[in-house]
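Heads up: the structure comes next, in structure tokens.
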There are 2 protein chains.
Amino acid sequence: MISQKAQYAFRALIALARSEDEEISLISDIASGQNIPKKFLEQILLDLKRHGIVQSRRGKMGGYLLLKSADEITFGEVLRIVDGPIAPLPCLSKMAYRKCDGCDDENSCEIRQVFARVADATREILDKTTIADAIASPDYEGIPLTA
Amino acid sequence: MISQKAQYAFRALIALARSEDEEISLISDIASGQNIPKKFLEQILLDLKRHGIVQSRRGKMGGYLLLKSADEITFGEVLRIVDGPIAPLPCLSKMAYRKCDGCDDENSCEIRQVFARVADATREILDKTTIADAIASPDYEGIPLTA
DNA sequence: TTAATCTCTATCTATTTGGTAGAGATTGTC
DNA sequence: GACAATCTCTACCAAATAGATAGAGATTAA
């Protein structure tokens with residue numbers, strides 16, 4: 001499961017992307033519009049700013065804007081900032097590799113081989129899907145995804 | 001990330017599958033062989049037993065055996081028992097569907113649409129890969145997976 | 001100067017993770 | 001029948017993480 005925090009981050013970025021050409025967005029407006037606790041959102045946006053995803057202006061008339069354009073912000077990038085490594089095992093993480101506890105030979109680890117495929121498939125989607133893609137995609141019409 | 005507990009479960013099942021035709025396996029032997037805290041492993045195996053994955057015999061000469069054959073035990077099934085839902089969002093879980101906090105229309109949720117693809121790709125791998133597959137697969141020889 | 005806004009750091013609570021402890025039940029062997 | 005080996009069950013515990021909340025500070029427009 002991705003964290004609640006990551007969901008908030010995605011919602012905020014989508015909201016920012018949607019209001020791109022309009023005005024600068026207030027944290028308060030995003031918070032109330034997307035139903036996100038305001039003080040929590042402040043921290044999230046600040047973090048995204050530090051990582052070069054969004055920009056801000058302080059003081060009266062201040063607020064937030066995207067820094068990168070929506071088609072350059074991937075879900076993978078955002079998820080790594082907010083939730084940390086995407087990989088299902090520490091030994092499969094690109095951003096924070098660690099040897100698994102008590103694992104002596106990664107090449108012969110059966111678990112690693114299975115989850116390497118999961119990691120690849122996940123990255124293939126998350127690192128290639130942008131906020132712009134998400135906004136552009138039509139409502140789902142097929143077989144219910146929860147079936 | 002999958003939990004440490006899930007990693008222990010997989011290691012134990014692989015060990016059980018490997019010693020299938022030989023003797024019944026002692027918790028103690030699996031624990032020391034796989035470097036798993038024994039009391040913790042007891043709980044894990046008990047849980048796997050309750051879910052019909054393994055069987056046990058009590059008393060002297062007791063121990064554990066697989067109940068299902070190794071090619072009928074999928075990684076997905078084990079992961080769901082040990083770690084709970086695999087889906088990255090509650091609204092995408094098959095085994096434990098919940099509406100996401102503050103989400104009113106799932107069909108138009110952009111986040112859901114992106115992560116539905118992740119969930120499908122993950123399940124495609126985990127629900128089709130068995131313990132037997134994992135044991136059979138040759139050591140990885142290509143480009144390092146952590147590159 | 002003031003009000004609006006973002007910034008920063010500290011703190012808090014509940015839950016989850018990763019165990020440990022110990023008494024109990026069952027079974028094979030002498 | 002006693003005993004030792006083994007699984008079974010329930011309770012407990014410490015550390016980490018998640019999901020916030022609080023409040024003082026810095027900056028800016030008017």
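Quick caveat: nothing in here was measured; it's all calculated off a predicted structure. These numbers come from the heavy atoms of this one structure, side chains and all, not from hydrogens, waters or symmetry mates. Lettering follows sequence order; numbering is per chain, from 1.
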_Please report the distance, rounded to the nearest Å, between CZ in F40(A) and P in dA18(D)._
9 Å

*Give the B/S/- string for nucleotides 12-17 of chain D, one per nucleotide from 5' to 3', where a protein heavy atom under 4.0 Å of the base yields B, of only the sugar-phosphate yields S, and otherwise -.*
------

*asked:* How many whole angstroms separate atom CG of D101(A) from atom C1' of dG19(C)?
replied: 13 Å

*Kindly compute the distance separating CD1 (I125(B)) from CG (D120(B)), expressed to the nearest 0.5 Å.*
11.5 Å

*Can you find a side chain N or O atom of S56(B) that sits less than 4.0 Å from OP1 or OP2 on dT8(D)?*
yes

*ring-ring contact (aromatic ring centres under 6.0 Å, His included): pairs with one or both residues in residues 48-73 of chain A, sequence neighbours excluded*: none

*If you measure from the Lys or Arg side-chain nitrogens to the Asp or Glu carboxylate oxygens, is any gap between D105(A) and K99(A) under 4.0 Å?*
no

*With the side chain counted from C-beta on, respond yes when T122(B) and F115(A) share a heavy-atom pair under 4.5 Å apart, and no when they do not.*
no

_Measure CE/M1(A) against P/dG19(D) and give the value in whole Å, please._
11 Å

*Judged by atom type as modelled, is there a donor-acceptor pair below 3.5 Å linking the side chain of R112(B) to the main-chain atoms of A116(B)?*
no

*pair P90(B)-Q7(A): side-chain heavy atoms closer than 4.5 Å*: yes

*asked:* Checking the side chain of S93(A) only, and the main-chain atoms of L89(A) only, is there a donor and an acceptor separated by less than 3.5 Å?
replied: no

*Quick one: L65(A) CG to dT5(C) P, roughly how many Å, whole number?*
14 Å

*asked:* Could you tell me if the side chain of T74(A) sits less than 4.5 Å from the side chain of L126(A), heavy atoms only?
replied: no

*L48(A) has an atom CG; how far is it from atom P of dC6(C), in whole Å?*
14 Å

*Is it the case that more than 12 heavy atoms not belonging to M61(A) sit under 6.0 Å from its CE atom?*
no

*Does one side chain, of D83(B) or S3(B), offer a donor that lies under 3.5 Å from an acceptor on the other?*
yes

*Starting from P on dT10(D), measure out to CG on D47(B) and report it in whole angstrom.*
13 Å

_Rounded interatomic separation in angstrom, taking NZ from K49(B) and P from dT26(C)_ = 11 Å

*Are the side chain of Q55(B) and the backbone N or O of L66(B) linked by a donor-acceptor pair below 3.5 Å?*
yes

_According to salt bridge (charged side-chain N to carboxylate O under 4.0 Å, His left out), does anything in residues 33-54 of chain B pair up with another residue at least two apart or in another chain? List the pairs._
K39(B)-E42(B)

*asked:* I'd like to know if E77(A) pairs up with K68(A) as an ion pair, taking the criterion as any Lys NZ or Arg NE/NH1/NH2 lying under 4.0 Å from an Asp or Glu carboxylate oxygen.
replied: yes

*Write down the distance between CG (L46(B)) and P (dT6(D)), rounded to a whole number of angstrom.*
17 Å

*Answer yes or no: is there a side-chain heavy-atom contact under 4.5 Å between Y8(B) and Q34(B)?*
no

_Does dT6(D) have OP1 or OP2 under 4.0 Å away from a side-chain N or O of Y64(B)?_
no

_Degree of bending, the helix from dT1(C)-dA30(D) to dC30(C)-dG1(D) (end axes from five pairs; round to 10°)_ = 0°

*For residues 24-36 of chain B, which residues have at least one heavy atom under 4.0 Å from DNA chain D?*
S25(B), L26(B), I27(B)

*For K5(A) and for G62(B), find the nucleotide of DNA chain D with the closest heavy atom, then tell me which residue's nucleotide is more 5'.*
G62(B)

*asked:* For a quick check, with a 4.0 angstrom heavy-atom cut-off, what is the B/S/- contact string for nucleotides 22-30 of chain D, read 5' to 3'?
replied: BB--BBBB-

*Between D83(A) and K38(B), just flag the one whose closest nucleotide in DNA chain D comes earlier from the 5' side.*
K38(B)

